Q: 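I'd like to ask some things about the structure below.
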Amino acid sequence: RLQCENECDDVLMLHELAVQMRGEERGEELKDGAAGIAEENVDPQHQQEQQQPVVEKEEGHNVHQLKQPPPAATAATTTSSNKPKSTSSNKNTTTTLLVITILSGPHASQTYKLQPKHTQPCLIGRSKGKKFLRNGISLSKDQEVSTTHGKFSVEEVVLDHTEDDDDGNTDNTNSRGGGGGVQKKFYYTDVGSTNGSSVGFEERLEANVKVEIEEGMELTVGHSTLKIAFG
């Protein structure tokens with residue numbers, strides 16, 4: 001009986017020890033389970049917000065890159081902005097030249113092409129200055145011609161749409177441009193020369209009074225006779 005009691009005590013002791021060990025293991029399992037549940041219950045949105053600054057920074061960088069136009073588009077824009085605008089004009093102007101041929105005198109057979117401007121007439125005289133040599137007529141061998149004898153000038157005149165010719169017929173064109181718009185007209189002026197200027201066989205021209213030039217007109221200055229045509 002005593003042996004039986006001792007064996008019962010040992011069994012109870014082992015049982016208590018087993019229960020205690022099981023309790024400790026259970027406590028550790030509960031602790032690990034609570035930690036796992038806490039980790040699972042973390043708010044995904046909160047976690048995303050914590051990572052959001054980095055994402056926004058990267059996305060901001062990407063947006064900045066996308067705002068920059070590609071090289072091809074930039075080149076096309078530049079080409080379009082630098083494209084010259086077309087302009088139109090209703091002015092009926094010409095670039096007619098005066099073609100002057102010396103018929104007689106020391107400089108006979110010479111031909112000059114003059115293009116007078118509104119603010120810069122072409123000079124004729126005995127001078128050898130630059131204005132006479134470059135865009136004028138220098139009759140240096142004609143001693144009857146003054147140093148500055150005369151000048152050829154041009155003016156722009158507004159024309160009617162129709163003009164009547166000498167026979168009374170209506171014509172929309174003439175030798176220096178079409179009817180209407182703006183037309184260039186050329187003039188000769190004797191600037192007060194000593195021996196004067198004359199047209200054809202008429203008496204000499206009045207000084208400082210411009211005379212309109214016509215196609216084929218012959219002008220005499222000194223011993224030289226000039227024939228004027230429109231080029």
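Keep in mind that what you see is a predicted model, and the values were worked out from it rather than measured.
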Q: Out of curiosity, does L123 fall in the hydrophobic cluster containing V211 (side-chain heavy atoms, cut-off under 4.5 Å, transitive links)?
A: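 No.
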Q: Just by distance, do the side chain of D190 and the backbone of A207 share a donor-acceptor pair under 3.5 Å?
A: no
Q: Would a single hydrophobic cluster contain both V191 and I100, if residues Ile, Leu, Val, Met, Phe, Trp and Tyr are joined by side-chain heavy-atom contacts under 4.5 Å?
A: no
Q: Check this for me: E206, atom CD, are more than 12 non-hydrogen atoms of other residues, nucleotides or ligands nearer than 6.0 Å?
A: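 Not buried by this count: 12 neighbours or fewer within 6.0 Å.
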Q: Does V199 reach the side chain of E218, with side-chain heavy atoms less than 4.5 Å apart?
A: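 V199 vs E218: side chains apart.
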Q: Hey, does P116 have a side-chain heavy atom less than 4.5 Å from the side chain of F186?
A: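 Contact flag for F186/P116 side chains = yes.
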Q: So, T147 side chain and S127 main chain: donor-acceptor pair closer than 3.5 Å or not?
A: no
Q: On a heavy-atom basis, which atom in L139 and which in V145 lie closest, and how many Å separate them?
A: CD1-CG2, 4.2 Å
Q: For R126, is there an ion pair with E144 - N to carboxylate O distance below 4.0 angstrom?
A: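 A salt bridge is absent here (no side-chain N lies under 4.0 Å from a carboxylate O).
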Q: How about I102 and T111: do any of their side-chain heavy atoms sit closer than 4.5 Å?
A: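 The answer is no; the side chains never approach within 4.5 Å.
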Q: Hey, mind stepping through H149 and S197 against side-chain hydrogen bond (donor to acceptor under 3.5 Å, both in side chains) and telling me if it holds?
A: CA-CA 8 Å; H149 201 99; S197 306; 3.2 Å; yes
Q: Mark yes or no for whether E212, through its side chain, and K185, through its backbone, hold a donor-acceptor pair below 3.5 Å.
A: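 Answer holds: no.
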Q: Can you measure from CG (L226) to OH (Y112) and round to the nearest 0.5 angstrom?
A: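 Reported value, rounded in 0.5 Å steps: 8.5 Å.
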Q: Compare every heavy atom of Q115 with every heavy atom of L97, then report the nearest pair and how far apart it is.
A: CD2-CB, 3.4 Å
Q: Does a side-chain heavy-atom distance below 4.5 Å link K210 with E155?
A: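 With C-beta onward as the side chain, the pair touches.
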Q: Starting from L205, can I reach V221 by hopping between I/L/V/M/F/W/Y residues whose side chains sit under 4.5 Å apart?
A: yes
Q: Return the minimal non-hydrogen interatomic distance between E214 and F230, and the atom names on each side.
A: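 That closest heavy-atom pairing would be C-CE1, 3.9 Å.
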Q: Is any side-chain heavy atom of P121 closer than 4.5 Å to a side-chain heavy atom of F152?
A: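 No; the side chains remain at least 4.5 Å from each other.
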Q: Please find the pair of heavy atoms, one from S138 and one from L133, that lie closest to each other, and give the distance.
A: CB-CD2, 3.9 Å
Q: With a 4.5 Å cut-off on side-chain heavy atoms, are I228 and V99 touching?
A: no
Q: Is the backbone N or O of S224 less than 3.5 Å from a side-chain atom of D142, with the two atoms forming a donor-acceptor pair by type?
A: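 Judged by distance alone, yes, a pair lies under 3.5 Å.
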Q: Mind listing the closest non-hydrogen atom pair of G136 and C122 along with its distance?
A: CA-CB, 4.5 Å
Q: Would you find a donor on one side and an acceptor on the other, under 3.5 Å apart, between the side chain of H107 and the backbone of K141?
A: yes
Q: Does some side-chain heavy atom of Y188 sit less than 4.5 Å from a side-chain heavy atom of L219?
A: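 Yes, at least one pair of side-chain atoms sits under 4.5 Å.
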Q: In terms of hydrophobic clusters joined by side-chain contacts under 4.5 Å, are L98 and I124 together?
A: yes
